[in-house]
Amino acid sequence: MIELIEEQLLGFSLLFAVLFIFGFVLRMILAKFKKNSVEQQAKKIISEAEREANTKRKEASVEAKEEMHRAMTEFEKETKERRRELLALEKRVLQKEENLDRKVDFIDKKETEVKRKEQSINDKELHVKERVDKLNSIIDQQKEKLQQISGLSREEAKNILLSSLEDDVKHEAAALIRRIEAEAKDKAEKEAKKIISLAIQRSASDYVSETTISTVPLPNDEMKGRIIGREGRNIRALEAATGVDVIIDDTPEAVVLSGFDNTRKEIARIALERLIADGRIHPARIEEVVEKAKKEVNEYIREAGEQLAFDVGVHGLHPEEIRLLGRLKYRTSYGQSVYEHSREVASLMAVMAAELGIDIQTAKRAGLLHDLGKSVDHEVEGSHAQIGADLAKKFKEKDIVINSIAAHHGDEDPKSVCAILVQSADAISAARPGARSETLAAYVKRLERLEEIANSFRGVGKSYAIQAGREIRVIVEPDKVDDSEAVLLARNITKKIQEELDYPGQVRVTVIRETRAIEYAK
């Protein structure tokens, strides 16, 4: 049994040894096979790499040749272009040289001709000088003969001649002045009428007469007693708070507010209407309502100023300027609202500036602000034109605007066309029918003063102020004033009217000289 087991173990050992040897041989064979396969694959890769490298090398060589050919082509093209430009430049240089040669030849010819002419002129000057000397000698001889014949010295004859010439020249000068003025006035009047009529047509406005009183309706007559209050304390408190007179008379169901300050009058009207609506009327309540009305009116003033600036198209105004423009809502001049007057003047300025070709925005600004001083003229001393100019200077307005404001009533000389236009637009707006009211006494006084000024001149027979003082006709004595002096007389009367009289618009001076010869056939 043990031997059998030993034999089996030996068989297994031999079998294991054979299998081991077979496996080793098999691995060697497989390893050799793999080695050959790897070598073949490596050779294949190397072959493919060499083939690809050759392909790349050939492609690079072809690209290099193409690039070289393209570069050569461009170089040749650029060389040809440069050669063409050089040829053209050379051609232009040759043409310029030829032109210069021709110019040099022409200058040489001109120089020769100039020298010849200079020589000719010199010869003529010598000849003329000889002739002048000879003529001067002859003139001296003739003067001596004239003095001997006339018995007058040279100075005496000269004085007589100058005296005669002076009279002739005066008449000729007056006639020339009359003709030139007539032509200039005719042309200027046509152009001015065209511009002014266009401006007036495009800015037509309605006028509302402002008065110094306002009427507040009452619900019943019993309210009058409540407004008066015990022993009149309510009405006194209202007058003290507003600064206006409250008139309670026999007018049924109405109270009259009277005052020359329209701002205060508006505050009083608003306060009284609210007190009547509320029903509680006593001094403390009156003061409270008046303060609220003042704030409301101040806000309304600011909005009115902004609206006016917006309506006329003027922007960039200082906030204080806007407030002062709004205050013009409650300012009147001869019954005309200064607020509406400023709006119309700005509109007129825009149209006239456009016709004359000057800056429209500057013109509108000057027209809008020309009466700015009227908003505070009752608080500051001086004319409203100067006050307005000082305000404009304070608000950094342009010099042309400042001068236009200061010169619109002649306080300063106008320094620009814009300033003259402001004067014209202001006069047009103020002179429109119904724009301003004038008392009868002032109207009659102005007409009488016009006639007095005309009658103060020598040679004036009669004078008549007509057309509501817009024209004065002067009839002169024909034996004392001739036609030439009539022109000068009209100018002198016009100048004196401008210096001594205030008037709206313009005054036309017409001097009439008439000579009549009457005979009777018997």
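Hydrogens, waters and symmetry mates play no part in the numbers below; they use all other heavy atoms, side chains included.
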Check your understanding: Which is it for Ile267 and Val244 under the side chain to side chain contact (heavy atoms under 4.5 Å, CB included) test, yes or no, and what are the steps along the way?
Key -> CA-CA 9 Å; Ile267 293 172; Val244 301; over 6 Å; no

Heavy-atom distance under 4.5 Å between the side chains of [X] and [Y], does that happen here?
| X | Y | answer |
| --- | --- | --- |
| Ile235 | Ile248 | yes |
| Glu477 | Arg513 | no |
| Arg285 | Asp278 | yes |
| Arg323 | Arg327 | yes |
| Glu471 | Val507 | no |
| Thr263 | Ile301 | yes |
| Leu257 | Leu272 | yes |
| Ile402 | Asp399 | yes |

Search all heavy atoms of [X] against all heavy atoms of [Y] and return the closest pair with its distance.
| X | Y | answer |
| --- | --- | --- |
| Ala366 | Ser404 | CB-CB, 3.9 Å |
| Glu296 | Ile270 | OE1-CG2, 4.1 Å |
| Leu421 | Leu356 | CD2-CD1, 3.7 Å |
| Asn234 | Ile227 | CB-O, 2.9 Å |
| Asn455 | Lys462 | OD1-C, 4.1 Å |
| Ser416 | Ile400 | OG-CG1, 3.3 Å |

Practice item. Can you run down the ring-ring contact (aromatic ring centres under 6.0 Å, His included) pairs that involve residues 398-429, sequence neighbours left out, and say none if there aren't any? Key: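 Qualifying pairs, neighbours excluded: His370-His408, His384-His408, His384-His409.
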
Check your understanding: Which pairs count as ring-ring contact (aromatic ring centres under 6.0 Å, His included) when at least one residue sits in residues 298-328, sequence neighbours excluded?
Key -> His318-Phe395

Does a side chain donor of either [X] or [Y] reach within less than 3.5 Å of an acceptor in the other side chain?
| X | Y | value |
| --- | --- | --- |
| Asp311 | Gln307 | yes |
| Lys496 | Ser456 | yes |
| Glu118 | Asn122 | no |
| Ser342 | Asp371 | no |

Give, for atom [atom1] of [X] and atom [atom2] of [Y], the distance between the pair rounded to the nearest 0.5 Å.
| X | Y | atom1 | atom2 | result |
| --- | --- | --- | --- | --- |
| Leu328 | Leu308 | CG | CG | 8.0 Å |
| Ile360 | Cys418 | CD1 | SG | 11.5 Å |
| Leu489 | Ile493 | CG | CD1 | 4.0 Å |
| His341 | Leu348 | NE2 | CG | 9.5 Å |
| Leu324 | Glu320 | CG | CD | 4.5 Å |
| Glu412 | Asn403 | CD | CG | 6.0 Å |

Would you call [X] and [Y] a salt bridge, using N to O less than 4.0 angstrom?
| X | Y | result |
| --- | --- | --- |
| Glu291 | Lys294 | yes |
| Glu448 | Lys445 | no |
| Glu266 | Lys329 | no |
| Glu130 | Lys134 | no |
| Glu125 | Lys129 | no |

Check your understanding: Applying the side chain to side chain contact (heavy atoms under 4.5 Å, CB included) test to Tyr464, which of Thr510, Ile472, Ile475, Leu450 qualifies?
Key -> Ile475

Exercise for review: Determine, step by step, whether Lys295 and Glu299 satisfy the salt bridge (Lys or Arg N to Asp or Glu O under 4.0 Å) criterion, reporting the C-alpha distance in whole Å, the side-chain angles of both residues, the deciding distance to 0.1 Å, and the verdict.
Suggested key: CA-CA 6 Å; Lys295 292 180 181 179; Glu299 180 63 21; over 6 Å; no

Point to revise | From CA spacing to verdict: side chain to side chain contact (heavy atoms under 4.5 Å, CB included), Lys292, Glu288 | key: CA-CA 6 Å; Lys292 290 181 179 179; Glu288 179 184 350; 3.6 Å; yes

Review point. Does Lys374 make a cation-pi contact with Tyr339 (under 6.0 Å, within 45 degrees of the axis)?
Key: no

Just wondering, are more than 12 heavy atoms of other shown residues or ligands nearer than 6.0 Å to [atom1] in [X]?
| X | atom1 | result |
| --- | --- | --- |
| Arg233 | CZ | yes |
| Glu231 | CD | no |
| Asp413 | CG | no |

Practice item. Let me see the working for Leu317 and Arg365 under side chain to side chain contact (heavy atoms under 4.5 Å, CB included), right down to the final yes or no. Key: CA-CA 9 Å; Leu317 291 173; Arg365 200 178 190 94; 3.5 Å; yes

Review point. Does Glu239 have any salt bridge (charged side-chain N to carboxylate O under 4.0 Å, His left out) partners at least two apart in sequence or in another chain, and if so, which?
Key: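 With neighbours one apart ignored, the set is empty.
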
Practice item. For Gln386 and Ala406, indicate whether the former's side chain and the latter's backbone hold a donor-acceptor pair under 3.5 Å. Key: no

Practice item. Let me see the working for Glu500 and Arg449 under side chain to side chain contact (heavy atoms under 4.5 Å, CB included), right down to the final yes or no. Key: CA-CA 9 Å; Glu500 299 184 7; Arg449 183 58 184 150; 2.4 Å; yes

